[in-house]
Number of protein chains: 2
Amino acid sequence: MSSQLTPTARVILGMLRLGARTGYEIKQAIDVSTRFFWSASYGQIYPELHRLQERGLVRAEPDPRGAVRRISYELTEAGQGALHEWLTDGGLHTFELRDEGLLRFFFGDLLSRDEVVQNLRAQQAFCDHVLEQFRGIEPQAKTGFVDETQVYPYLALTYGIELISWMRDWCERTAAQIERGELPSTDG
Amino acid sequence: MSSQLTPTARVILGMLRLGARTGYEIKQAIDVSTRFFWSASYGQIYPELHRLQERGLVRAEPDPRGAVRRISYELTEAGQGALHEWLTDGGLHTFELRDEGLLRFFFGDLLSRDEVVQNLRAQQAFCDHVLEQFRGIEPQAKTGFVDETQVYPYLALTYGIELISWMRDWCERTAAQIERGELPSTDG
DNA sequence: GAAGGCATGTAAATCGTTACATGATTTA
DNA sequence: TAAATCATGTAACGATTTACATGCCTTC
């Protein structure tokens, strides 16, 4: 068994350890960094913070910054232990992909050549869109998302950029091949 | 709005169109093909088939092959229409990734250099494992998963092989860089 | 005759998103 | 003063996995 931490607990503890303090800050950090491979919504974050507190993995205290009601969290010893244990347990890890573009491509035999090409162009455009988002994030990532002492978030971003670039290229290459008639298509 | 079809309905209709007949056959087809980017379990497939029948997208009839109780489905006109509509609606499509290895890497600043390298090696081993599975599928894919007239399922498989190979390479490259000390690490 | 695969299904639990509700503060 | 943003939360819904239940058929 790999870890007692729920999926959302894993990002939460990690983000707290990197310097995020409130549920709101955790969500912000996720939205500019891990959301492409590990997302979470308020509907998960706030209840999970309560559960983590009950389990003694985080400590909560009202945060007096400004006058807005705000709750700050930090890891307890047990929380740091659980986080480190998860980060180093060699066990099997979640790897899930849900790619509707690829599913459509898989069913390409049910489409005309033109329709397949159109779908590939749409996927390519989607990749371009994601790459734009990534490049918008780059400056923040270089100086650290949560505070300025981290380097791995930026490396993870470059991974994302290279990966999506590869996908984009594949779409382009494949669409071109189909247009040139190098790959068949059955019907419409 | 992209499509009235639930995620599971999309594979089901597609697989039926490619030649699968029963819920069992659909599940088998998924498990050797789309499951890496679009999976489904019996707990979804059977209820969804009932719902699709109620909506008039599939037609059911008892299948007399052998003596085992067995229910065959085929697409109705409406079902074929809905499938084709989904396959060609240019709208936004689901693209979701959940990658725990990458999340661990993202939190690499919380680990020692050695621990990060170990994680990367584990990810690399995971990629090797997936590639083995893919290569085991290759012969079936060449001759078609559901029947022998399709070519796109095989192309989707080669996509998967190239993609995972790229990931594997990245793990290797990055682990080597970290070992050579070209990338820093904060702590343990 | 036992084991394993074929075949269909349900119930419970988990996980996750979306929409909603509330209220304070900051900025235009 | 209106709009946007900060900040916390809940309820409803939808999607998915897992475990269970059943029974037939084939092979050893």
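Values in this document were obtained by computation on a predicted structure and should not be read as measured data. Order of the sequence lines sets the chain letters (A, B, ...), proteins ahead of strands, with each chain counted from 1.
A sub-4.0 Å separation between OP1 or OP2 of C:dG16 and a side-chain N or O of A:Gln44 is present. Within the structure, a side-chain polar atom (N or O) of A:Thr22 is placed less than 4.0 Å from OP1 or OP2 of D:dT8. Dashed line: the shortest gap from a side-chain N or O of A:Arg69 to OP1 or OP2 of D:dG9 is under 4.0 Å. Remark: B:Ser41 is in phosphate contact with D:dT17, judged by side-chain N or O atoms under 4.0 Å from OP1 or OP2. The phosphate of D:dT16 (OP1 or OP2) has a side-chain N or O of A:Arg98 nearer than 4.0 angstrom. For A:Tyr42 and D:dG9, the shortest distance from a side-chain N or O to OP1 or OP2 is not below 4.0 Å. Residue B:His50 places at least one side-chain N or O closer than 4.0 Å to OP1 or OP2 of C:dG9.
Atoms CD (B:Glu48) and C1' (C:dT8) sit 16 Å apart, rounded to a whole Å. Between the CD1 atom of B:Ile26 and the C1' atom of C:dC6 there is a distance of 15 Å, rounded to whole Å. In this structure, CD1 of A:Ile12 is placed 13 Å from C1' of C:dC15, rounded to the nearest angstrom. If you take CD of A:Glu100 and P of D:dA15, they are 12 Å apart, rounded to a whole angstrom. Rounded to whole Å, the distance from CG on B:Leu5 to P on D:dA15 is 11 Å. Taking atom OH of A:Tyr46 as the reference point, atom C1' of C:dG16 lies 17 Å away to the nearest angstrom. If you take CD of B:Glu61 and C1' of C:dT8, they are 17 Å apart, rounded to a whole angstrom. Distance CG (A:Leu92) to P (D:dT17): 16 Å, rounded to an integer number of Å.
Both the sub-6.0 Å distance and the 45° axial angle are not jointly satisfied by A:Arg10 relative to the ring of A:Trp38.
A parallel orientation is assigned to the rings of A:Tyr42 and A:Tyr24, their planes being inclined by less than 30° (bins at 30° and 60°).
Between the side chain of B:Arg98 and the backbone N or O of A:Ser39 there is at least one donor-acceptor pair closer than 3.5 Å. A donor-acceptor contact shorter than 3.5 Å links the side chain of A:Asn119 to the backbone of B:Leu87.
Checking C:dT17, D:dC6, D:dT17 against every side-chain atom of A:Gln28, the shortest atom distance belongs to D:dC6. For A:Pro7, taking side-chain heavy atoms from C-beta onward, the closest of the listed nucleotides D:dG9, D:dC6, C:dC15 is C:dC15.
Remark: B:Asp169 does not engage B:Arg173 in a salt bridge, criterion side-chain N to carboxylate O under 4.0 Å.
Comparing A:Thr8 and B:Ser72, the nucleotide of DNA chain C nearest to each residue sits closer to the 5' end for B:Ser72.
Nucleic acid contact class of B:Arg21 (heavy atoms, under 4.0 Å, all strands): none.
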